[in-house]
Protein chains: 2
Amino acid sequence: MTHRAHNSQKRTRIQERNEKRILDAALKVFSSYGFRGSTIDQIAKMAEMSKPNLLYYFAGKEEIYIAVLERTLDEWLEPLTMLNPDGEPAEEIWSYIERKLNLSRTAPAASRLFANEMLQGAPRIQQILTGELKPLVDEKCAVIQKWIDAGKLNPVDPVHLVYMIWAATQHYADFEAQIDTLSPGPREQRFANASETLKAVFLNGLLPRS
Amino acid sequence: MTHRAHNSQKRTRIQERNEKRILDAALKVFSSYGFRGSTIDQIAKMAEMSKPNLLYYFAGKEEIYIAVLERTLDEWLEPLTMLNPDGEPAEEIWSYIERKLNLSRTAPAASRLFANEMLQGAPRIQQILTGELKPLVDEKCAVIQKWIDAGKLNPVDPVHLVYMIWAATQHYADFEAQIDTLSPGPREQRFANASETLKAVFLNGLLPRS
DNA sequence: TAAAATCCTGACCAATCGGTCAAGATAAAC
DNA sequence: GTTTATCTTGACCGATTGGTCAGGATTTTA
C-alpha cells in the first residue's frame, strides 16, 4: 500500500504523534523564514527526526506547508466568525479586537506564518483567500455597515476598519522583535498596555459623540 | 588595489549606475522573499547582470542586504522625524499618519523589506533598532505625552499609539496581496478609502470630547 | 595610442537543497 | 512466535546555492 500521510482514516498512534511533531516544527520554521527561506532539514531537525522519515509522512516541502496553513487557518479565522450580528456594536467590535490581540499573544507563530505568505504575494493561499476569507469578510462587513446605518457607529468603510483591526493586533505578533527592542519589559504588561490603547482609540474612534 | 564596492570616495559612473541597479533589484527580491529566501542569482537576473559581476561590486549576499537596509532606512524614518513638537497635536498626528500611508503607497517594497526582517527576528538590524530608531521613538513619544498631559489628546500610551499607526499604515504595503483580493478595485481608490477610515478612527479616537 | 585601471564573464567549486531508495528496525496482528 | 505492516535510516542523486578565479573586454588616463 502507499504509505502517504493523510490517509483519510486509520491513523496509527505513531503516525498521529509524528505528524503533530512535524507540523509543530514546520510552523515554527515557516513562520520565521517563509516558504522559500525554510528547508526540510531545518524542520526535520526541529522535529527531532531524520529527513527521510519526515518525508515518509509528507510527500514534500509544499505539502507540509499547505498542511500547516490549513491547520492554522481555522484558529485564525475564528475570532471574526464569532462577531455576533445581534450583539451590541461597541461590545462586539471590542471583543473581536480582544480575541485577535489574544491570538497574537498566544499564537504569534500563526500570525507570522500568514504574514510571510502575504509578503511573498500569497501565491499558495490565494484560493483560500477568495474561497473562505472573502465571503466571511463580506458577511461581517455587511453587519458592520448595518450598525453604521443604524447610527450605532461612526461612518467608516467597514472593510478598512477590519484591516485596521487586523493590522493593529497582528502587529504585536509579526513585529514582536521590533517591539521587544522599543518597549522592553514583561511581555504580559506590554499586551495589557496594548489592549488599553486599542480600546481607547477604537472605541472613542467608532462610537458617535452624542 | 582591492576592487571592493563602497570604496568610500572615487566612484566611477559605471560603479554608480551598477550599484544602483543592484540595490534596486535587491530591494525587490529581498522584500518579497526575505534574506534567506532570496538568492544572488535572482538579484543578478533582475539587475540584468551576471552573478560574478554583481559580486564584483558587493562582497557577498549579506553585504548587499545590509546596503539595501541602510539605503532604505532614512526614507522610512523620515515621517516620524518630521513630527513637529510645536505644531497642533491633531494636525501633527494626522499628517504623520498621512506621510506613513503615503509611503506604503509609493514605496511598498521598503515596508516589506523591514517586515521580512522583523518576522525573522530582526537578526541583522537589531543595532539599527537600538541605535537609531529607539532614541527617535523615545523622543517623539515624549512629545506625544506632553500633548496628552496638556489635555490636547486622550490619555493613551504613546508608544502603543505609534505602533498602532505603524501597523495600520504599513499593513497596506505588507499585506497588499491580501487586500487586493478582499477589496478589489483601483489601487488609488483603496488608498483614498483607507485614508478616510484612518482619519476618522484616529482623530475621533484621540481628540477629547469637549 | 599605449599603458593602466576598471569592468565583465565562463568555468568551476564545495556546500546545501529537495527528494529517492533499498534495506534494516520496530511494532501490530494472528 | 512468526508473519505482516509500519516505521526509520544511511547512502545517494541531480539541481541549486553562495562564492572564486583566471583571463578577456572595455574604459580611463597619460
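All chains are named by letter (A, B, ...) in the order of the sequence lines, taking the proteins before the strands, and each is independently numbered beginning at 1.
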(request) Check the distance between D/dT8's P and A/Lys45's NZ and give it to me in whole angstrom. (result) 20 Å

(message) When you measure from the side-chain N and O atoms of B/Thr12 to the phosphate of C/dC7, is any distance below 4.0 Å, counting only OP1 and OP2?
(response) yes

(request) Report the residues that fulfil salt bridge (Lys or Arg N to Asp or Glu O under 4.0 Å) with B/Glu48, sequence neighbours left out, ordered by chain and then residue number. (result) none

(request) Figure out the CZ/C1' separation between A/Phe58 and D/dC7, and round it to whole Å. (result) 15 Å

Under 3.5 Å, which donor-acceptor pairs do the side chains of residues 25-33 of chain B form with other protein atoms, sequence neighbours left out?
unit_1	atom_1	unit_2	atom_2	d
B/Ser31	OG	B/Leu27	O	2.7
B/Ser31	OG	B/Lys28	O	3.0

Output side-chain donor-acceptor pairs under 3.5 Å for residues 127-144 of chain A, partner residues at least two apart or in another chain, one line each.
unit_1	atom_1	unit_2	atom_2	d
A/Thr130	OG1	A/Gln126	O	3.3
A/Thr130	OG1	A/Gln127	O	3.2
A/Lys134	NZ	A/Asp138	OD1	3.4
A/Lys134	NZ	A/Asp138	OD2	2.9
A/Lys140	NZ	A/Thr81	O	3.3
A/Lys140	NZ	A/Leu83	O	2.8

(request) Would you mind checking if A/Arg112 and A/Asp174 are paired as a salt bridge, meaning a charged N to carboxylate O distance below 4.0 Å? (result) no

(message) Is the ring pair A/Phe175/A/His171 parallel, tilted or perpendicular, if the boundaries are 30 and 60 degrees?
(response) parallel

(message) From OH of A/Tyr65 over to P of C/dG19, roughly how many Å is that when rounded to an integer?
(response) 15 Å

(request) Round to the nearest Å and state the distance from B/Glu62 atom CD to D/dT17 atom P. (result) 18 Å

(request) Take the protein atom CD1 of A/Ile14 and the nucleotide atom P of C/dA29, then report the distance between them rounded to whole Å. (result) 11 Å

(message) D/dC7, OP1 or OP2 - any side-chain N/O from A/Gln15 closer than 4.0 Å?
(response) yes

(request) Return the angle between end axes of the helix from C/dT1-D/dA30 to C/dA27-D/dT4, with five pairs used per end and rounding to 10°. (result) 10°

(message) Once side-chain hydrogen bond (donor to acceptor under 3.5 Å, both in side chains) is applied, do any residues pair with B/Glu196, and if so which ones, sequence neighbours excluded?
(response) none

Do any N or O atoms of the protein come closer than 3.5 Å to N or O atoms of nucleotides 9-17 of chain C, and which pairs are they?
unit_1	atom_1	unit_2	atom_2	d
C/dT9	OP2	B/Ser50	OG	3.0

(message) Heavy atoms only, 4.0 Å cut-off, all strands: where does B/Leu55 land among base, sugar-phosphate and nothing?
(response) base

(message) If you compare every side-chain N and O of B/Arg13 against the phosphate oxygens of C/dT6 (OP1, OP2), does one of them come in below 4.0 Å?
(response) no

(message) Quick check for you: to the nearest 0.5 Å, what is the distance between A/Ser111 atom OG and A/Lys100 atom NZ?
(response) 6.5 Å

(request) Please name the pair of heavy atoms, one in A/Trp94 and one in A/Leu198, separated by the smallest distance, quoted to 0.1 Å. (result) CZ3-C, 4.0 Å

(message) So, does A/Asn18 get its side chain near the phosphate of D/dT6, meaning an N or O under 4.0 Å from OP1 or OP2?
(response) no

